[in-house]
Amino acid sequence: MNLFFQLIASRYEQGSVMVTSNLPLGRWGETFSDVVAAAVIDRLVHHAEVLTLTGDSYRTRQRRELLAKENRAHHG
């Protein structure tokens, strides 16, 4: 996370950054230290447009479809 912070800090107000995560920002402290997560989030959301997507990812959907296809092939 410290390297990620250094990257974000170096880009802060210098250029665009796009970050995707499967965790909402409020839960980043569970994975990273609360202090570092807060500092990264602070820089990311300043002047930001935050988009929240819901629903299955295309990978999850593709995996479910593959499993269903395999299940049909084995049963019939």
Participant: Of the non-hydrogen atoms in Ala48 and Leu44, which two are nearest, and what is the gap between them?
Facilitator: CB-O, 3.0 Å
Participant: Can you run down the ring-ring contact (aromatic ring centres under 6.0 Å, His included) pairs that involve residues 13-57, sequence neighbours left out, and say none if there aren't any?
Facilitator: Tyr12-His46
Participant: Report whether Val17 and Val50 are members of the same hydrophobic cluster (ILVMFWY, side-chain heavy atoms less than 4.5 Å apart, transitive linking).
Facilitator: yes
Participant: Could you note down all residue pairs passing salt bridge (Lys or Arg N to Asp or Glu O under 4.0 Å) where residues 3-21 supplies at least one of them, sequence neighbours left out?
Facilitator: none
Participant: How would you list, by chain and number, every residue that makes a side-chain contact (heavy atoms from CB on, under 4.5 Å) with Val35, sequence neighbours excluded?
Facilitator: Ser33
Participant: Can you list every pair that meets salt bridge (Lys or Arg N to Asp or Glu O under 4.0 Å) and has a residue in residues 16-39, with sequence neighbours left out?
Facilitator: Arg27-Glu30
Participant: Holding to side-chain contact (heavy atoms from CB on, under 4.5 Å), I want the full list of residues that pass it with Ser16, two or more places apart in sequence or in another chain.
Facilitator: none
Participant: Just to verify, what does Thr20 make a side-chain contact (heavy atoms from CB on, under 4.5 Å) with, not counting sequence neighbours?
Facilitator: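 Applying side-chain contact (heavy atoms from CB on, under 4.5 Å) to Thr20 gives none.
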Participant: Just to verify, what does Arg61 make a salt bridge (charged side-chain N to carboxylate O under 4.0 Å, His left out) with, not counting sequence neighbours?
Facilitator: none
Participant: Supply the atom-to-atom distance Thr60 OG1 to Asn22 CG, rounded to the nearest 0.5 angstrom.
Facilitator: 9.5 Å
Participant: Can you list every pair that meets salt bridge (Lys or Arg N to Asp or Glu O under 4.0 Å) and has a residue in residues 40-58, with sequence neighbours left out?
Facilitator: Asp56-Arg64
Participant: Checking Arg63 now: which residues fulfil salt bridge (charged side-chain N to carboxylate O under 4.0 Å, His left out) with it, not counting sequence neighbours?
Facilitator: none
Participant: For Glu70, which residues count as a side-chain contact (heavy atoms from CB on, under 4.5 Å) partner, sequence neighbours excluded?
Facilitator: Leu66, Leu67, His74
